[in-house]
Amino acid sequence: MCGIFGVIGTREVSSILIDGLRKLEYRGYDSAGLATIQNSKNDQFGKLSVRKSKGKLINLSNSIKKKPIQGHLGIGHTRWATHGKPNEINAHPHVDFTGQIAAVQNGIIENHRDLSKSLQSKGIKFISETDTEIIPHLIGLEIENLLEKGQDANGQTLLKAVQKVLCLLEGIYAIAVIWSKAPDALVVARRQAPLVLGFGEGEFFCASDTPALVGFTRTFLPLKDHEIALLTPLGIELYDADGMRQHRAPSLLKGTELFADKRNFRHFMLKEIYEQPETAQLWIDRYLPMDLSSENSFPLPIDKSLVEKIEQIQILACGTSRHAGMVGAYLLEQFAGVPTKVYFASEFRYAPPPVSPNTLTIGISQSGETADTLAALRMEKERRNSFKDANFSFHQLGITNRLDSSLARELENVIDIGSGIEIGVAATKTFLGQMLSFYGLTLLFASNNHKRSSQEILALSNDLRLVPQQLTDLIKKHDALSKQIAHLFAETKDVIFLGRGINYPIALEGALKLKEISYIHAQGYPAGELKHGPIALLDQHVPVISIAVPGVVYEKVLSNSQEAKARDARLIGVAPCGPESEMFDELFSIPKVSEWVSPLLTVVPLQLFSYHIAAHKGLDVDQPRNLAKSVTVE
Ligand code: F6R
């Protein structure tokens, strides 16, 4: 979480920093700050200015407009609080005890307590509650040492000091540092948290994510783990952890996919819900060719020999991505006959199952930067690498929306869900893209292991081809209906979502969407579990949303829904229209489709329902409180 943006060049940087941070605000938005260094005519050293504001970036932007700060070099930060409340003091940048060094950090410094104790024993006073404040203080001390040893006050000295301090820091982080006595230097480093460099015309940038560079430059270079870089107005020097100079060619940002535009929609989330038919169509065009008999049917970027070897699959993910994984696991097991387990990435790390052979580990992350998922995948890789057996095969596959992410860089096989940039913090179209990837994998495995007849494979493929149009119709219909009924739920405190089988993960996803953007407590349950406890909660104040799709669990879900209705709960159905659906007080009708493809449709009314309740309550739908789009802390 948190966004870092930095620039060094020949122009005034404060408005550039604000523009860059605006595109990173999805990473955290509880406070923001800037630090710049202004060259002084009378002095070889510069003047450090810092400005911070609590709350959204707009507060900082207004403060800078009212009273600008000057400088051709600056760093900025948008925060998602980990250590210390979101207030102005804890906002970054943090400044050292000499008042000359400013630093921003994204991540967590795990040993900050020990380091801070030792700094305090040297008489250094802390003003914030953050883990970050130790960084400028440590650099300040290191610079004092270097100056005493006769080093000049310049960028190389700042670089050396940062290099020394990095050896003391434990955790996952990215940092950017400036020093008023080196007004031509910006030093940045990363350890597992993302950081990318941008090459402009006479100016150079660093940012937590590539979209922040768009508008300034299209030439970028992601920093590798443990690398450190010195940015000056003349160029960028890149070093590895041992201080060896590195030379790598930058890449060019392609396409317009990184430009985010709300078009005529009130919120990005609504626009992204509306983009789902396009996500589905693009996915079909790319991964589901008409000729399924060809060698290249299901052209997913996975080696066919790999598919033949795999005996089981494990899926690691968090939040919404995990729900997509649960739909995927159902498909892979029930349709393609491949034993599949889904894990919370954050739990897998500490309680992994015994290592078993011929396993495919799938990491799903729309951002590709989720620290829990990356850590679990790295741990799994290490664990298996240390298990030496020639007959033993294991593979990792990533499913992501960001080909420029750490996940995509680190894994050997990657499926690009290609949903286009998603700005709303609540995932919608990327969830659809993730589920679709599992349909592709399921078809791939099923057609290789012959667990399904070619007719069954063809039927599922044909059903998938109908999804874009079905989505278009559903979105139109349920946008209007959700808007119409949203006011009925404005005062609601608790909602229960029920689903069974392949739609149980959709009940979880519906509850998660409602919680995160409307702040209404919601819980998803397998419909059969209702009677084992949650039913005690039900009365006329607790609505129940029931996903009932004809298929193996239809009758059962309808009975469970009746049980809720008998307890006076307001009953909302996500089901096809028919005599059975008359029991529902409200009906989000869906077309009569095969149960296999139903999750791609049943999720849509739930997204719109949550969206309209939150919008009706006047909440910040795209940036809900306490959340961030990219969760880069464990
Ligand atoms: C919910 C949501 C989160 C993410 C989770 C994992 O709308 O967006 O639950 O799904 O933080 O994020 P990624 O997919 O980036 O790994």
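For reference, positions follow the sequence shown, starting with 1. Each ligand, and each atom within it, is numbered from 1 in the order the structure gives.
- Residues P468 and W283 form no side-chain contact, since every pair of their non-hydrogen atoms from C-beta on lies 4.5 Å or further apart.
- Between E516 and ligand 1, at least one pair of N/O atoms sits closer than 3.5 Å.
- In this structure, atom 14 (O) of ligand 1 lies nearest to the protein heavy atom S321 OG, 2.5 Å.
- Judged purely by distance below 3.5 Å, without hydrogens or angles, the side chains of K381 and T361 never pair a donor atom with an acceptor atom.
- Here I58 contributes atom CD1 and E25 contributes atom CD; the two are 8.5 Å apart, rounded to the nearest 0.5 Å.
- When only non-hydrogen protein atoms are considered, atom 11 (O) of ligand 1 lies nearest to V631 CG2, 3.9 Å.
- Taking distance alone, with nitrogen or oxygen atoms compared against 3.5 Å, A426 stays at or beyond that limit from ligand 1.
- Numbered from 1 in the order shown, with element, the atoms of ligand 1 that lie under 4.0 Å from a heavy atom of G319 read 9 (O), 10 (O).
- Comparing heavy-atom distances from atom 16 (O) of ligand 1 across T430, L316, T370 singles out T370 as nearest.
- When only non-hydrogen protein atoms are considered, atom 4 (C) of ligand 1 lies nearest to T320 N, 4.0 Å.
- Near K513, with a cut-off below 4.0 Å to any heavy atom, the atoms of ligand 1 are 1 (C), 7 (O).
- Scanning the protein for heavy atoms near atom 6 (C) of ligand 1, the closest one is C318 O, 3.4 Å.
- With a 4.0 Å heavy-atom cut-off, ligand 1 is reached by no atom of E369.
- Side-chain contact of Q434 with S321: a donor-acceptor pair under 3.5 Å is present, judged by distance alone.
- Ring geometry for H616 against H487 counts as tilted: the plane angle lies between 30° and 60°, on a 0 to 90° scale.
- A salt bridge links R190 with D225: at least one charged nitrogen is closer than 4.0 Å to a carboxylate oxygen.
- Of the polar atoms of K629, none of the N or O atoms is found under 3.5 Å from an N or O of ligand 1, judged by distance alone.
- Distance from atom 8 (O) of ligand 1 to its nearest protein heavy atom, with residue and atom name: V425 O, 3.4 Å.
- When hydrogens are left out, the protein atom nearest atom 15 (O) of ligand 1 is S367 OG, 2.6 Å; that is the closest non-hydrogen contact.
- Between F205 and F5, the ring-plane angle classifies as tilted under the 30° and 60° cut-offs.
- Salt bridge E380/R383: present, at least one basic N to carboxylate O contact under 4.0 Å.
- Between R263 and E275 there is a salt bridge, since at least one side-chain N of the basic residue sits less than 4.0 Å from a carboxylate O of the acidic one.
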